Protein chains: 2
Amino acid sequence: MNLNELSATEAAKKIASGKIGVEALVAAHIERIRQREDTVGAWEYFDPDLITERAKELDRGPARGPLYGIPVGIKDVVDTVDMPTRYGSPIYQGHRPAWDASCVSLIRASGGIILGKTVTAELATFFPGKTVNPHNAAHTPGGSSSGSAAAVADCMAPLAIGTQTAGSVIRPASYCGIVGYKPSFGWINRVGAKMVSDTLDTLGIFARTVKDAALLGSVLTGRPLPAEDGPRAVPRVGFCKTYEWPHASWDSMSAFETAWQKVKDAGVETREIILPGPFSKLACMQADIMACEAAKSLAFEYAAHRELLSLELQELIGRGKAISVEAYDSALKHAAKCRDLLDQVFEDVDIILAPSVPGEAPEGLDSTGDPIFNRIWTLLRVPCVNLPAFSGTGGLPVGIQAVANYGQDFRLLAAADRTLKILAG
Amino acid sequence: MNLNELSATEAAKKIASGKIGVEALVAAHIERIRQREDTVGAWEYFDPDLITERAKELDRGPARGPLYGIPVGIKDVVDTVDMPTRYGSPIYQGHRPAWDASCVSLIRASGGIILGKTVTAELATFFPGKTVNPHNAAHTPGGSSSGSAAAVADCMAPLAIGTQTAGSVIRPASYCGIVGYKPSFGWINRVGAKMVSDTLDTLGIFARTVKDAALLGSVLTGRPLPAEDGPRAVPRVGFCKTYEWPHASWDSMSAFETAWQKVKDAGVETREIILPGPFSKLACMQADIMACEAAKSLAFEYAAHRELLSLELQELIGRGKAISVEAYDSALKHAAKCRDLLDQVFEDVDIILAPSVPGEAPEGLDSTGDPIFNRIWTLLRVPCVNLPAFSGTGGLPVGIQAVANYGQDFRLLAAADRTLKILAG
């Protein structure tokens, strides 16, 4: 196995025990990026000399922190003081932030190496960057965290940071066939990430294993990893089609039904979850809240550089400006009421499995796909993990997402890890 | 009356009717700043040529927007693309943001003129800048929005933007004897403001009249001003000492009791409000949440430039790092539970009057005073308005704050305006 194929957890163990050096690990990733970047286009900024220098420094210094020597890709809407940050927009060509984002500082403080900046859709919204799906270059990798998902899927990095406002972590994770983890709202500090929606924006994590996502999650949330010797059984699992089920293609329906059968066959207690009626409005309301807040968050770009914004983003902002404050307030209130019903939704189950996406990554590179299955969970602020367990009729990955009640992230990650093993079996 | 003494509302009317030009209005403020800045020290950045040029452009162009020609000071933790932004820290000496903050864009789009950047305490926390209290240069103006409060109080600007995490709008407004308005949490978009605490940070407004605060509030929240011919009576007023009452000096106690008597004498229905027991913990919990989140929000500054941080801020961050996630989570949960009790608190009253501050602005410039009377309301996310109605035994201003339930900002502002007239009578 090449070093770039190691999980972060495995690589950290090998470095800690002296079996491999940081420089060798980083060199393997640089080599992979050299081989594959022309095809995949995952990186907005990548400087092999800079990161080799960092790796050497880390090899010379004392071992430190749970991410010691581990390379991490950073979505290019997240600020880095030593690398340009373009936010996926020509407005910010060559822009150099004056700081590291909070999450970048925390990664560095834990011994991690910022490998480079990954391609993002325009200003973390919908207009795509150059990245393709590493499984099939004619298909989208999803977005807006396109480069982070593709880089991790293609073994260019074991870990990467993304952001989710609608479905920008779970959707590209599903399309690229990897683990995506969107934490509970507020669990990762957002300072230094270019904001779209204060109500929705959540930093998230891409990894190839659930354990790796938990490792980085622990560093960024400042919450300890649960002990390895916790209960091994998968808890009670709810299966929830959600009110967006009519948007599911055959591939996603089949993934959902297969998952249900496999989990049941493994002897796990399952039941169907029908969300309360008011949840049926959440997807539309999420879109309204996002548009409304994006119009204000991007007021500068719209006022001063409209000609450099895509027509798609101009349209989103225009739509947001047209939404009345009454509609906006009522959407926020409705979401709060639905959040109050979550204890009831999770009364008899510990986690819920629901579709991650309508289906495989769509063909074509002019859209990043549809976040319809992600909108409600983002607005509900609950943690979600994409489980890359299936593939569709076209041979591309199709995931299913595990969801838990607010703040149950580490229980969710533990359950997701075991569920993924059942699904892969 | 000099033009710089006009309220924003009066000045806007005079400009709209052609009685004065934008350049003349701006020139009067420039002249005032020239006279007074050496004494007051309200400005971090001020370029008379730049703003005169803007004023001329506005005079040449068509009238536009409710702030047409009105100068607004911007706290120097809020980004401006055409003026440096130092965040009150030597780390950012000479820093030039790549954008305007959302609120700055909205002010410009409404025809307002960004007059300059006002002095802030270090990174919007507690270590003071150079500003003094315009009523007595030996006393603090309060903070962290020190320059914004002092500039408006001293007629250098009719309006200014501040931020409040603990008490950084209401406290300096009280110390400087002006109106301060901290809106409902989330009502003003925070993009482009340097963050301390995602849970608490709220942009706010300084003005010399409540109407002016409402005018700028309407522009920034995108919510229409209520019709002038609404009900004129002051609604039911609760008087609430809060659990922090033991921190009140004679001056603040006296302001509170006098206000109660005057409002009662005006024939308004009043009653005492005793906050539910759990509210007694909110002030301590606000301090914990702020420290905990500040430690992450300022992770970069702490890791890369610790020697440039004040000892006070290093201590705050150190304290934040030491707070356990259990204590942090439990503080957030407790605050959410208290928010759920607000409907009950406001069941029989429309607004509450409560102390703004322990007393007059303390003597000395090495502290910005104590935000103890502001912490709970910030954590509760409710709108607050400082009413500059009284003065203390030392002759310095002492305010009282009007508070309403979440989202009742414009009802609060209308009631505050009428209450202030009663108190001043």
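Predicted model, so just to flag it, every value in this text is computed and none were measured. The chains referred to below are lettered A, B, ... by the order of the sequence lines, with proteins before strands, and numbering in each begins at 1.
- Contact of A/Val104 with chain B is not made at all, since no heavy-atom distance falls under 4.5 Å.
- Looking only at atom types and distance, the side chain of A/Asp201 has a donor-acceptor partner in the side chain of A/Thr165 under 3.5 Å away.
- With a 4.5 Å cut-off on side-chain heavy atoms, B/Arg86 and B/Glu44 count as touching.
- With a 4.5 angstrom heavy-atom cutoff, B/Asp340 does not touch chain A via any of its atoms.
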Please test B/Lys117 against B/Asp79 for salt bridge (charged side-chain N to carboxylate O under 4.0 Å, His left out), starting from the C-alpha separation and ending with a verdict.
-> CA-CA 9 Å; B/Lys117 306 302 289 286; B/Asp79 289 338; 5.8 Å; no
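- In this structure, B/Lys296 does not pair ionically with B/Asp198, as no charged nitrogen and carboxylate oxygen lie closer than 4.0 Å.
- With no hydrogens or angles considered, no side-chain donor-acceptor pair links B/Ser89 and B/Glu122 at under 3.5 Å.
- Contacts of B/Ala98 with chain A are made by both backbone and side-chain atoms, with heavy-atom separations under 4.5 Å.
- For B/Phe185, no part lies near chain A; criterion is any non-hydrogen pair under 4.5 Å.
- Of the listed residues (A/Arg190, A/Glu301, A/Lys321), the greatest number of heavy-atom pairs within a distance under 4.5 Å of chain B belongs to A/Arg190.
- Contact of B/Glu326 with chain A is not made at all, since no heavy-atom distance falls under 4.5 Å.
- Both the backbone and the side chain of B/Asp100 come within contact range of chain A, each with at least one heavy atom under 4.5 Å from a heavy atom of that chain.
- When the candidates B/Ile91, B/Leu332, B/Thr221 are compared by the number of heavy-atom contacts under 4.5 Å with chain A, B/Thr221 comes out ahead.
- A cation-pi geometry, defined here as NZ or CZ lying under 6.0 Å from the six-membered ring centre and within 45° of its normal, holds between A/Arg306 and A/Tyr302.
- Note that CG of A/Leu203 and CD of A/Gln164 are 11.0 Å apart. Values are rounded to the nearest 0.5 Å.
- Each of A/Gly222, A/Ala303, A/Ser297 has some count of heavy-atom pairs under 4.5 Å with chain B, and the biggest count is that of A/Ser297.
- Smallest separation of non-hydrogen atoms from A/Ala404 and A/Val382: O-CB, 3.1 Å.
- A/Lys182 and A/Asp409 are not joined by a salt bridge, as no carboxylate oxygen comes within less than 4.0 angstrom of a charged side-chain nitrogen.
- Ranked by heavy-atom pairs shorter than 4.5 Å toward chain A, the options B/Leu106, B/Val196, B/Val191 are led by B/Val191.
- Using a 4.5 Å cut-off between heavy atoms, A/Tyr406 makes no contact with chain B at all.
- Heavy atoms of B/Ser102 lying under 4.5 Å from chain A belong to its backbone as well as its side chain.
- For chain A, the nearby part of B/Lys194 is the side chain; its heavy atoms alone come within less than 4.5 Å.
- Neither the backbone nor the side chain of B/Ile188 has a heavy atom closer than 4.5 Å to any heavy atom of chain A.
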